[in-house]
Amino acid sequence: MALFTQRQLTLIADAVEDYAVLIDEDSADECADILDIIEAEQQQAPDPQVSLYREIVNFYSNPINSVS
């Protein structure tokens with residue numbers, strides 16, 4: 001499962017918020033629900049196991065560290 005970075009979540013939230021202004025009220029309400037989900041995700045403390053997993057993947061993704 002791919003996870004968004006905090007920066008990506010911020011960009012998505014900004015785009016959804018801008019889009020909500022341009023559409024009908026019902027769809028804007030659904031955009032507000034999306035923004036609530038993004039905000040809740042941004043407020044969660046990072047899971048240390050996920051962070052460690054990302055570090056391991058990043059380490060072995062670097063060609064210098066690849067095991068041949």
Side-chain angles (χ1 to χ4, degrees):
M1 180 172 120
L3 300 175
F4 291 112
T5 65
Q6 291 300 318
R7 174 72 179 141
Q8 290 169 328
L9 286 172
T10 300
L11 289 171
I12 292 167
D14 289 346
V16 170
E17 191 172 9
D18 290 345
Y19 180 71
V21 173
L22 302 173
I23 55 178
D24 62 89
E25 189 175 330
D26 291 336
S27 296
D29 289 342
E30 290 180 38
C31 287
D33 293 341
I34 294 169
L35 292 171
D36 290 342
I37 293 167
I38 292 172
E39 183 179 320
E41 179 68 27
Q42 287 179 319
Q43 290 177 356
Q44 287 182 349
D47 182 345
Q49 286 184 320
V50 171
S51 297
L52 178 60
Y53 174 76
R54 283 185 186 154
E55 286 182 37
I56 292 168
V57 169
N58 288 337
F59 179 83
Y60 285 106
S61 295
N62 185 334
I64 294 172
N65 301 321
S66 295
V67 177
S68 298

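Values below: all heavy atoms of this structure, side chains included; hydrogens, waters and symmetry mates excluded.
- Pairing each heavy atom of Gln6 with each of Glu41, the nearest pair is NE2-O, 4.4 Å.
- Here the CG-CG distance, from Leu35 to Leu9, works out to 11.0 Å after rounding to the nearest 0.5 Å.
- Residue Cys31 is tested with Val21, Ile23, Leu22 for a side chain to side chain contact (heavy atoms under 4.5 Å, CB included); the sole match is Ile23.
- Partner Ile38 forms a side chain to side chain contact (heavy atoms under 4.5 Å, CB included) with one of Thr10, Ile12, Asp33 and no other, that one being Ile12.
- Cluster annotation: Leu11 is not connected to Tyr19 through the hydrophobic network of ILVMFWY side chains, with a link wherever side-chain heavy atoms come within less than 4.5 Å.
- Partners of Asp18 according to the side chain to side chain contact (heavy atoms under 4.5 Å, CB included) rule, which considers only residues two or more places apart in sequence or in another chain, do not exist here.
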